[in-house]
Protein chains: 2
Amino acid sequence: MDDSAQKTRTRGSRRTDIRRENEQLILRAAEKVFAEAGFGGATMQLIADMAGLPKANLHYYFATKEELYRRVVEDIFQIWLRAADSFDNAPDPASGIGAYIEAKMRISREHPFGSKVWASEVMHGAPVIQDYLETTLRDWTEGRITAIRRWIDQGQMAPIDPRHLLYMIWATTQHYADFGHQIETLNGGKPLNDRQWQAATDSVKAIILRGIGLSGA
Amino acid sequence: MDDSAQKTRTRGSRRTDIRRENEQLILRAAEKVFAEAGFGGATMQLIADMAGLPKANLHYYFATKEELYRRVVEDIFQIWLRAADSFDNAPDPASGIGAYIEAKMRISREHPFGSKVWASEVMHGAPVIQDYLETTLRDWTEGRITAIRRWIDQGQMAPIDPRHLLYMIWATTQHYADFGHQIETLNGGKPLNDRQWQAATDSVKAIILRGIGLSGA
DNA sequence: AAATTTGTTGACCGGCTGGTCAGGTTGTGG
DNA sequence: CCACAACCTGACCAGCCGGTCAACAAATTT
């Protein structure tokens, strides 16, 4: 019965543990509720029930609904960006773009709620993360466009518009999270299994890589 | 000042005109508000203001918020399905799939609000149009898969998984509506102009058609 | 022109929402 | 073991929401 956190020594005082754990508990519950009901449809009570805490406790850790929502969206954006590393350190386009597609497909499967919250946020005009779009995302995008253009200039891939290639990758990979319910329905009401996820990833990679003048895996 | 509708003779009695016009006015306003705020975030008051009518008048034409929302979603689905005609009556895959992509890109530009409402509905688990997914959409999808598979068997295109090709077309074309705000931000804050929309359509067609073993336009 | 049906609207209501707060409990440092 | 800080929560509140309704205006029928 002694599940104290003596092992996690550094800063592992009981107090900070409680804070960290409860914040994560609330954030996970919020991510799901925001994804399934939208910001407007989500209620603090619903999130509290999902987290198994009294509503007032939520307001102890997150002052307002907006603040909680902002934290959820920011956390997702970080995961998003980390997947971009697949792109870097790749000398040839086939491996770089291929790995990026695989990473984004993996995220769609492991973080479907986050993907939906992000999609919802952008669809509603990005009221909370507009600054991220204008700074971090824009910089990242321009960097990748330059990289892709270099590959094209070196004759390593077909002369397509890098921007629309990126949009296609984003759209297609995130589709498996955002429209997961539709895909599930068209799959006989059952979620994609391991084999089907692999087939989806292979199909996306095959079409896109061949579409930009590469042979594929 | 006499804008009476005497020309539209058949069933153009003043009364039915009023009903038809007000319903359309409300539906257009509702489409925009639902798209920008989500179902939960939208309020009847907001829709009423957007339509320039008192709130009580909305409830005269549409009993509940759910009923109004359902009509909006159903209308979009019809537009969606009509674009599918591009697929039919096309003997070869390049023209059939190419025309379908063009039609869906056109819809994304002309009905961005509708596309967002549809996306939102599916993301939230399709509480309103689940039956459409299980019947109409499923039948349509199976039919197209069969058609594509026939093209593959006849050696007219590469042996890709037709299902994931359809998902890619849906995802990519609808992305330009659903994530229009993000695309606009990455375009210097300005919406895509005619030339840019054409470039986007051409890029999508080029990558996908080459990706499935066709030369493109 | 009377009667009837259809359209219009301000005022109102119960219920739910995000958020507050006082008072209690638990952990921590001295 | 005491004092203080962090944590917890039931009860409460003002404001907004979807929806109702009675009373009225306009069109249509008879």
Side-chain angles (χ1 to χ4, degrees), chain A residues 1-6 8-27 29-30 33-34 36-73 124 127-128, chain B residues 1-6 8-27 29-30 33-34 36-72 127-128:
Chain A
M1 297 310 181
D2 167 44
D3 59 347
S4 67
Q6 290 184 344
T8 61
R9 292 195 313 102
T10 51
R11 293 299 179 281
S13 75
R14 185 88 182 81
R15 272 280 157 70
T16 50
D17 274 5
I18 289 179
R19 173 164 282 272
R20 195 169 41 76
E21 284 172 11
N22 278 347
E23 279 184 357
Q24 286 304 315
L25 187 68
I26 294 168
L27 283 171
V33 173
F34 281 135
E36 291 177 345
F39 178 81
T43 69
M44 295 298 273
Q45 188 61 62
L46 228 62
I47 297 171
D49 293 346
M50 179 81 58
L53 296 173
K55 191 184 67 157
N57 209 349
L58 264 63
H59 280 99
Y60 175 74
Y61 288 103
F62 301 92
T64 66
K65 187 184 176 187
E66 276 80 6
E67 184 186 320
L68 175 55
Y69 175 75
R70 179 185 293 268
R71 277 287 302 274
V72 170
V73 174
H124 296 357
V128 159
Chain B
M1 298 306 181
D2 166 45
D3 58 347
S4 68
Q6 290 184 345
T8 61
R9 293 194 313 99
T10 49
R11 292 298 180 283
S13 75
R14 186 86 180 83
R15 270 280 159 70
T16 52
D17 276 3
I18 288 178
R19 173 163 282 272
R20 194 170 39 78
E21 285 172 11
N22 279 347
E23 280 184 357
Q24 286 304 315
L25 187 68
I26 294 169
L27 283 170
V33 173
F34 281 135
E36 291 178 345
F39 178 80
T43 68
M44 295 297 274
Q45 188 60 64
L46 228 62
I47 296 171
D49 292 345
M50 180 79 59
L53 296 173
K55 192 186 66 160
N57 208 348
L58 263 63
H59 281 100
Y60 174 73
Y61 289 103
F62 301 92
T64 67
K65 188 184 175 186
E66 276 80 7
E67 184 186 322
L68 175 54
Y69 174 74
R70 180 186 293 269
R71 276 287 302 274
V72 170
V128 160

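By convention in this document, chain letters (A, B, ...) are assigned in the order of the sequence lines, proteins followed by strands, and residues within each chain are numbered from 1.
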Original post:
Do the non-hydrogen side-chain atoms of A:Phe62 and A:Arg71 ever get within less than 4.5 Å of each other?
Top reply: yes
**OP:** Could you tell me the separation between the CG atom of A:Leu53 and the P atom of C:dG19, rounded to a whole number of Å?
**Re:** 17 Å
**OP:** Tell me what A:Glu66 touches on the nucleic acid: a base, only sugar-phosphate, or nothing, going by heavy atoms under 4.0 Å.
**Re:** sugar-phosphate
Original post:
Is the shortest side-chain N/O distance from A:Asn22 to OP1 or OP2 of D:dC8 below 4.0 Å?
Top reply: yes
Original post:
Counting only distance, no hydrogens or angles, is the base of D:dG19 paired donor-acceptor with the side chain of B:Lys55 under 3.5 Å?
Top reply: yes
Subject >> First of A:Ala56 and A:Phe39 reached from the 5' end of DNA chain C, by closest nucleotide >> reply: A:Phe39
Original post:
How long is the line joining CD1 of B:Ile18 and C1' of D:dA25, in whole Å?
Top reply: 11 Å
Subject >> Short side-chain N/O contact to D:dC7 OP1/OP2 from A:Tyr60, under 4.0 Å >> reply: yes
Original post:
Nearest 0.5 Å, what's the OH-CG distance between A:Tyr60 and A:Leu53?
Top reply: 13.0 Å
Subject >> Closest to side chain of A:Thr43, choosing from D:dC8, C:dC21, C:dT17 >> reply: C:dT17
Original post:
Taking the side chain of A:His59 as heavy atoms from C-beta outward, which of C:dT20, C:dT9, D:dC8 is closest to it?
Top reply: C:dT20
Subject >> B:Pro54 to B:Ala48 - nearest heavy-atom pair and separation >> reply: C-CB, 4.1 Å
Original post:
Is there a side-chain contact between B:Leu68 and B:Leu27, using heavy atoms and a 4.5 Å cut-off?
Top reply: yes
**OP:** Can you measure from CG (B:Asp49) to CG (B:Leu58) and round to the nearest 0.5 angstrom?
**Re:** 9.5 Å
Original post:
Taking the side chain of A:Thr64 as its heavy atoms from C-beta onward, which of C:dG19, C:dT8, D:dT9 lies nearest to it?
Top reply: C:dG19
**OP:** Looking at every strand, decide which applies to B:Phe62 at a 4.0 Å heavy-atom threshold: base, sugar-phosphate, or nothing.
**Re:** nothing
Subject >> Short side-chain N/O contact from B:Arg19 to OP1 or OP2 of C:dG7, under 4.0 Å >> reply: yes
Original post:
What does B:Ala42 touch in the nucleic acid at a heavy-atom separation under 4.0 angstrom: a base, only the sugar-phosphate, or nothing?
Top reply: sugar-phosphate
Original post:
Side chain of A:Lys65: nearest nucleotide among C:dG19, D:dT20, C:dG7?
Top reply: C:dG19
